[in-house]
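The structure appears below as structure tokens.
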Amino acid sequence: MTQPSVPATPRTAFGKGPNRRLRASGKIPAVVYGGSKGPVALSLAPGHIVEIVRSARGVNTIFALDVAGEASEQVMIHDYQLHPLDHAVLHADLMRVDPEREAEWRVPVRLVGSARGVRRGGHLDFITRSLAVICRPHDIPENLPIEISALDYGDTVRASAVELPPRLTLASDPDVVVAHVAAPKVKADEEEEGAEELEEDVID
């Protein structure tokens, strides 16, 4: 698969006014940092950030940052800011990565199957939606699947249940609860009926 490439240009004007004008021109302010180099202020098209965030690997996607006049760098999205109303990307923080160096990453959890308890009317609580793993950047998986088909009322699946791909180490606490199946709640009228029956038994 072809590695995504994002063109960018150095940014020399800072502050609310210049950033507002930059966004009006169709670009957003960004910063790249990490590695042996210092932070560099940039401007780039927000559409590139949106495409990467919406891709299968999301923010764990490694892409080439092509800054005008400089050698391409391997980077990832560390953080991004959205407008509170229209959710347009306002700012992006990019992080340089070393493809050969292991680091800790957050990877989304994917629940596989339909829990037995849910099929019987119970409720599935998806508590922990991502786990931390240690690996090289190119080994980061799209997600971590966990099979839940056998879960019944009161059953819990923990981080230790995840089957990690080769070259990955779990960094999250293995006892962290990922999902739990709760029994169906008793309806109010059923509770009242049960209380009346109990009262009758006591009177008799």
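If you read the sequence from its start, that first residue is 1, and numbering goes on from there.
Note on V162 and L124: same hydrophobic cluster, where clusters join Ile, Leu, Val, Met, Phe, Trp and Tyr whose side-chain heavy atoms are under 4.5 Å apart, directly or indirectly. A single hydrophobic cluster is not seen to contain both I134 and I62; linkage of ILVMFWY side chains at heavy-atom distances under 4.5 Å, directly or through other members, places them apart.
Residues satisfying the side-chain hydrogen bond (donor to acceptor under 3.5 Å, both in side chains) criterion with R167, sequence neighbours excluded, are D139. Looking at residues two or more places apart in sequence or on another chain, you find a ring pair (Phe, Tyr, Trp, His ring centres under 6.0 Å) between Y33 and H78. Taking the side-chain hydrogen bond (donor to acceptor under 3.5 Å, both in side chains) definition, one finds that D152 meets it with R116, R120, sequence neighbours left out. Listed by chain and residue number, nothing satisfies the salt bridge (charged side-chain N to carboxylate O under 4.0 Å, His left out) test with R106 (two or more places apart in sequence, or in another chain). Considering only residues two or more places apart in sequence or on other chains, R96 meets the salt bridge (charged side-chain N to carboxylate O under 4.0 Å, His left out) condition with E73. When the side-chain hydrogen bond (donor to acceptor under 3.5 Å, both in side chains) test is applied to E104, no partner is found at least two apart in sequence or on another chain. For E100, the salt bridge (charged side-chain N to carboxylate O under 4.0 Å, His left out) partners at least two apart in sequence or on another chain are R136. In this structure T156 satisfies the side-chain hydrogen bond (donor to acceptor under 3.5 Å, both in side chains) test together with H180, sequence neighbours excluded.
A distance of 11.5 Å separates SG in C135 from CG in L170, rounded to the nearest 0.5 Å. Atom CD of residue Q74 and atom CE of residue M95 lie 12.5 Å apart, to the nearest 0.5 angstrom.
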Show your working on side chain to side chain contact (heavy atoms under 4.5 Å, CB included) between L144 and V133 and close with a plain yes or no. CA-CA 10 Å; L144 298 172; V133 299; 4.0 Å; yes
Mind running side chain to side chain contact (heavy atoms under 4.5 Å, CB included) on I148 and V112 for me, showing each step along the way? CA-CA 6 Å; I148 63 167; V112 179; over 6 Å; no
When you look at R158 and V176, which way does the side chain to side chain contact (heavy atoms under 4.5 Å, CB included) test go after all the steps? CA-CA 5 Å; R158 301 181 185 275; V176 166; over 6 Å; no
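With a 4.5 Å cut-off on side-chain heavy atoms, R23 and P29 count as touching. Counting heavy atoms from C-beta outward, V109 and R129 have side chains that stay 4.5 Å or more apart. Annotation: side chain of V178 is in contact with side chain of L111 (closest heavy-atom distance under 4.5 Å). Under the 4.5 Å side-chain criterion, counting only non-hydrogen atoms from C-beta, N143 is in contact with P145. Counting heavy atoms from C-beta on, the side chains of P141 and R57 never come closer than 4.5 Å.
When all heavy atoms are compared, the tightest approach of L131 to T128 is CD2-CG2, 3.9 Å. Across all non-hydrogen atoms, the minimal contact from G121 to P184 is O-CB, 3.3 Å. Here the closest non-hydrogen pair linking A182 and Y153 is O-CD2, 4.4 Å. P46 and G26 make their closest contact through CD-O, 3.2 Å (heavy atoms, listed as atom of the first residue, atom of the second, distance). Shortest non-hydrogen contact noted between H91 and A30 is NE2-CA, 4.2 Å. Between S149 and R119, the closest heavy-atom pair is O-NH1, 3.9 Å.
With W105 contributing its side chain and N60 its backbone, the two residues share no donor-acceptor pair below 3.5 Å. Judged by distance alone, with hydrogens and angles left aside, the side-chain atoms of Q81 form no donor-acceptor pair with the main-chain N or O of H83 at under 3.5 Å.
Annotation: side-chain hydrogen bond (donor to acceptor under 3.5 Å, both in side chains) contacts involving residues 7-22, sequence neighbours excluded, comprise T9-S43.
By the 4.5 Å side-chain criterion applied to Ile, Leu, Val, Met, Phe, Trp and Tyr, V177 is assigned to a cluster that also includes I127. Residue L85 belongs to no hydrophobic cluster, having no ILVMFWY side-chain heavy atom closer than 4.5 Å to its own. Membership of the apolar cluster around I77 extends to V6, I28, V32, V40, L42, L44, I49, V50, I52, V53, V59, F63, L65, V67, V75, Y80, L82, V89, L94, as traced through chained side-chain contacts below 4.5 Å between ILVMFWY residues.
The number of heavy-atom neighbours closer than 6.0 Å to CZ of R101, taken from other residues, nucleotides and ligands shown, is 12 or below.
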